[in-house]
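Heads up, the thing below is written out as structure tokens.
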Amino acid sequence: MANKYREYQGLNLPAMEQEQLAQWTDELSFEKSVTIRDGATPFVFYEGPPSANGMPGIHHVISRTLKDLVCRYKTMQGFQVKRKGGWDTHGLPIELGVEKELGITKEDIGKKITVEEYNQKCREAVLRYKDKWDDITRKMGYWVDLNDPYITFKNEYIETLWWLLSELYKKGLLYESVSIQPYSPAAGTGLSSHELNQPGTYKDVKDTSAVAMFKAVQNDKSQFLFDASNGEELFYMAWTTTPWTLPSNLGLTVGPNIDYVLVKTFNPYLHNAVNVVLAKPLLGKFFKPEGENGDFDGYTADTKLLPWKVVTEFKGSQLEGLQYEQLLPYEANSLTAIHEITPGAEPFRIMADSFVTTEDGTGIVHTAPAFGADDYKVGKKYNIGILTLVDKQGKFLEGLGEFSSRYVKNYKDDANYVDVNVDIAVKLKKENRAFKVEKYEHNYPHCWRTDKPILYYPLEAWFIKTSAIKERMVEMNKTINWKPKSTGEGRFGNWLENMVDWNLSRSRFWGTPLPIWKSVDSDGKYIDEKEGGEQICIATIAQLNEEIKKANEVLGGDVNKNYLHEGILDLHKPYVDDIILVSPTGKPMKRVPDLIDVWFDSGAMPYAQWGLDYEKLKAGDPKPFKNNFDGAFPADFICEGVDQTRGWFYTLHAIASLVFDSVAYKNVVSNGLVLDKNGNKMSKRLGNVVDPFTTIEKYGADATRWYLITNASPWDNLKFDIEGIKEVQRKFFGTLYNTYQFFGLYANVDGFSFKEAYVPVKDRPEIDQWILSSLNSLVKKVTTAMDDYEPTQAGRLIEDFVDEHLSNWYVRLCRRRFWKGEYEHDKICAYQTLYECLETIVRLIAPTAPFFSDTVFRNLNAVSQRFTEESVHHVLYPVADEAVINQALEDRMQLAQDASSLILSLRKKVNIKVRQPLQKVLIPVLSATMKQHLQQVEDIIKSEVNVKEIEYLSDTDGFISKKIKPNFVALGKKLGAKMKAVSTALSQFGQNDITQFEKEGKYSLLIDNEHVILQINEVDISSEDIPGWTVANKGSLTVALDINITPELEQEGNAREFVNRIQKIRKDNNFDLTDRVIVKVSGAGALQTSLTLFKEYICAEVLADELELEAEINGGTDIEVNDISFKTIVLKKEG
RNA sequence: UAACCUGUAGCUCAAUGGUUAGAGCAGGAACCUUAUACGUUCAAGGUUAACAGUUCAAAUCUGUUCAGGUUAACCA
């Protein structure tokens, strides 16, 4: 137990933090903060795993500060908050990093380097910067369990993923299907969206585009069109920039609400009369206004201006279901061929869907389901079948006449390549099937490796049928508390509404393998389920090992010979791919080549971080995870960047909903980005990345954390400016530190250790009651904000309190109480009050400023021993004492602060120093209550502004001029439209009108010949002027200052000036606070009267035993008081 | 292209639909201080991104546009 409060030479946050950090490590403070809550209600937190193959940045500090402060806060509220760390270790960035390091590309894998070696490299690379991450975690004060993190590449982790996948498989929610994906025929591989988003992949290119004419079939449904065309043949016009997709056309899509027209005109190439259908808003793209209702009879091949006329108009929905003749019929795309692929398909029909726009083209979309995701979707809905008449090399199949086997784009850099798209367009022209053919420049994606245009192509992929439980996911999302709300309702909510099945498949090497084995034929090709293929989804390592043995027994030979003894030791490629299993009917099975989306890894962390419990599994427990899982699902709280909305936030939600019909988290905070101070995104390229290590070393973690939290709401983007941290350091921590230093300085002198009995608040001076009332109000407000996950509000409230109330009002007004007088009642009250404020503040800020708060807490507690806990992070969060809150008192003090500030501003205006006492202040009072309130704080105002008396003016004195204005809130609802007239009427009120209104309590106005009765509480009356005086006002408070300086006042002022000079000398000579002195003065001249008159006062102030006026002194200091110069000597009395 | 977020003083942020749009910082001027860190006061700084609408009343609500950002990508 210390008997002195620790004092510092100056505020050095980084040094303080290092010391505190060492202490935490020694004492295992974090571990204790968890264990001391054993048996308490758990507050469940999930750590979103970062990837440790890159350096941590300042943007990681903000989300981790948020996580940390919530966890610390909840711990202080008595919850037990376990925090298991984790690492995300799979994924493309890791692969790309390794490839860069080794100078290889994906094609080299399996050639220059084995998959085994490659994956070994990845495994080594993933935790490359783990040390740096651990370091920043410690230095920023993020309390998370780093000793036992979950790691997504570990077998136990992957095994849990497998088990989850097998559950989905059992429920029929995991299925294989084609999906239309970006595909590079030149590279022979599918591309991920990430690869498609590499810079430079989208290029402006010129392609042959064609407006094709699809001939309408006449039947009952289309009769209305044929009626309009007088029975002539008519065509639906559709535009494409990829004519090679036309042979695969199976439908046309229109917008149901778009207006379409049937136009009579001529074919611009063949010059025969035609009737065409297109969207009305796009008429202008094809027809000139001058040609409307032009000369049809006189039209010849040489006529430049195409005559046209609208024959009829209708909605897109009227076209739905109409049929047309196939555009380019061949053997390969015959109805028979279509039915072979999709039995029962009904192609060549018009469909309606909202994706159609009238931005360009014709408003009728040529639909080839194989080559567009939208096409595929709408085609499936209408069951028009699917044709993939292009192979994986990018060339047409056989059976397409003159186009057979031709490349649809120049994928081989063939110098003699003839563009098949042009030939198709020419053919259409000749056959009266093209209305317009032209080169069209557009932005089209290219393969980043081969620079060749990609195409959208149907590829096999494994999906999770999230759409099956869409409604349930939407419903459960509504129970989640999102911060900010809009992310949950807007971004996430809309995402759920438009949810499509989750494409799990990834063609990679380093990741979680999909545990599905399919039977293969003698060539090693997978057998489709329709052709009697079998498949199995493995759930656990044990099951796999059993199946390995079984396959060996059934199939014999060398099958799985390397895995028979110890079973499988690593669940990654290439080992899993070695393994051959056996189907129920005795056929060999091979694993499908896919890895799964890394987002599944992290989305499964609530379960996989613990791993499977084999006993529970055997017992058939629906949640067979290790015991730590119990009570740790779902999470109470998670927090990550807003970029995780469709990432981790989604996958957590999806897996929990699918497998357990539960939410995965109850509260989620999504924080915004950290931008540089100019609002640009931080990137290595721009060199504007802020290194969190230097920032923390230089300014301290607490200042950084406090800045990040209080500067802007966490979900707003933050423009990071180091100046902001400096300001926080100076203003907030500086002020708090000074308050502590001030307290320590005097408490050490007086030996205050809180050993006296707690003085009941009601027995303390009013100013103590006031600061304690404010303190408790603060506790209440801060708790509300923290409970609402609004740390920014909480922080700002605390800042205001520390700065405005505690430091600049309470301490300033009370300074004397700490250094004057004996150690008795009033002084003890002051110490107890200030101590309580400091102690409460450090507990309030502990979640956000963990270092500084703990240091100060320990310094205080070392002397007082008020808490048995050794750290502020182990004590409970303050709870407001309602009995101490006195709103009226707080209001009064506000009045005193306002009045003082007004009076000081008047002093400034007339240039009279505060040290010069003045006689009187005039304050007009509008009611007895107002007068009473002011009287209660009169002494404070008087001493603060150095004025002898306050005179209250009531309206009976006839001194005040009053103003009246409507109380808009109260009157607005009552009056509505008459508001303006009433406002005008009130502004014209004279003093007599106001007096009458006040006397009667109501007033009748004639507005638009109607009587309107106003009540006195529906208007605001204020005094803004005292005729003949200089006044200042704020709200309803007005003050006037008597600026007459009488000789007496002047002498007192001189005395105070003199005291000030002596104090400065004391300070310059480094005298102790308690040193007694003797003061000698010579040549005081005109000041002599003052010094004699106020001798007692001066001596008391400067702790002088003697004040001697001498004719002549040797040496001494030259000083000046109000233009009078003289000499003085201040001597310390020894002993 | 869409969904979502943001736009207020030179900068960072406030302002339950209610009438002089406020703080802090920076820059200018002065004052105060036995906490030497600050603080107080004054002056200056605004078409609340733009336009339209709703309303007695709009920074706030509704549209449209512009700019910045995030995410996702279907361009026929």
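Below, read A as the first sequence line, B as the second, and so on, with proteins coming before strands; counting in each chain starts at 1.
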In the strands shown, is [N] matched to any nucleotide by a Watson-Crick or G-U wobble pair with both distances under 3.5 Å, and which?
| N | result |
| --- | --- |
| C13(B) | G22(B) |
| A76(B) | none |
| U62(B) | A52(B) |
| A3(B) | U70(B) |
| U40(B) | A30(B) |
| U8(B) | none |

Taking the side chain of [X] as its heavy atoms from C-beta onward, which of [options] lies nearest to it?
| X | options | value |
| --- | --- | --- |
| T240(A) | G39(B), G18(B), A76(B) | A76(B) |
| F968(A) | A14(B), C13(B), G18(B) | G18(B) |
| V365(A) | G24(B), A76(B), A14(B) | A76(B) |
| H366(A) | C13(B), A76(B), A35(B) | A76(B) |
| S807(A) | A35(B), C13(B), A76(B) | A35(B) |
| R730(A) | U36(B), A26(B), A76(B) | A26(B) |
| R796(A) | A14(B), U12(B), G24(B) | A14(B) |
| Y746(A) | C13(B), U34(B), A76(B) | U34(B) |
| M979(A) | A76(B), A37(B), C56(B) | C56(B) |

Quick one: label [X] by what it contacts on the DNA or RNA (base, sugar-phosphate, nothing), any heavy atom closer than 4.0 Å.
| X | value |
| --- | --- |
| E727(A) | sugar-phosphate |
| V982(A) | nothing |
| N1060(A) | sugar-phosphate |
| S983(A) | nothing |
| K731(A) | sugar-phosphate |
| N738(A) | base |

Interatomic distance, [X] [atom1] vs [N] [atom2] [rounded to whole Å]:
| X | N | atom1 | atom2 | value |
| --- | --- | --- | --- | --- |
| D721(A) | A26(B) | CG | P | 12 Å |
| K485(A) | U6(B) | NZ | C1' | 20 Å |
| R812(A) | G39(B) | CZ | P | 11 Å |
| D800(A) | G24(B) | CG | C1' | 10 Å |
| L496(A) | A3(B) | CG | C1' | 13 Å |
| K285(A) | A76(B) | NZ | C1' | 12 Å |
| L797(A) | A23(B) | CG | C1' | 14 Å |

Taking the nucleotide of RNA chain B with the nearest heavy atom to each, does F742(A) or I180(A) sit closer to the 5' end?
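Residue closer to the 5' terminus by nearest nucleotide: F742(A).
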
Closest-nucleotide ordering on RNA chain B, the 5'-leading residue of D716(A) and T710(A)
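It is D716(A) whose nearest nucleotide is closer to the 5' end.
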
[atom1] atoms of [N] and [M], separation to the nearest Å:
| N | M | atom1 | result |
| --- | --- | --- | --- |
| G22(B) | A9(B) | C1' | 11 Å |
| A14(B) | A23(B) | C1' | 7 Å |
| A67(B) | A49(B) | P | 16 Å |
| U48(B) | A58(B) | P | 12 Å |
| A76(B) | C13(B) | P | 41 Å |

Can the ring centres of Y831(A) and F818(A) be said to be less than 6.0 Å apart?
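Aromatic pair counts; centres sit under 6.0 Å.
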
Is the cationic atom of K726(A) (NZ for Lys, CZ for Arg) positioned less than 6.0 Å from the six-membered ring centroid of Y699(A) and within 45 degrees of its normal?
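Judged by the rule, K726(A) and Y699(A) form no cation-pi pair.
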
Mutual orientation of the aromatic rings belonging to H805(A) and F801(A) [parallel < 30°, tilted 30-60°, perpendicular > 60°]
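If you compare the ring of H805(A) with that of F801(A), the planes turn out perpendicular.
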
Y707(A) and F720(A) aromatic ring geometry - parallel, tilted or perpendicular at 30°/60° bounds:
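F720(A) vs Y707(A) ring planes: perpendicular.
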
Trace of the ring-ring contact (aromatic ring centres under 6.0 Å, His included) decision for F649(A) with W482(A)
CA-CA 11 Å; F649(A) 295 158; W482(A) 281 83; 5.6 Å; yes

Are E790(A) and K483(A) close enough for a salt bridge, meaning some N to O gap below 4.0 Å?
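K483(A) and E790(A): salt-bridged.
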
Quick one: the side chain of T253(A) and the base of A76(B), do they pair up donor-acceptor inside 3.5 Å?
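It does not, because no donor-acceptor pair links the side chain of T253(A) to the base of A76(B) below 3.5 Å.
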
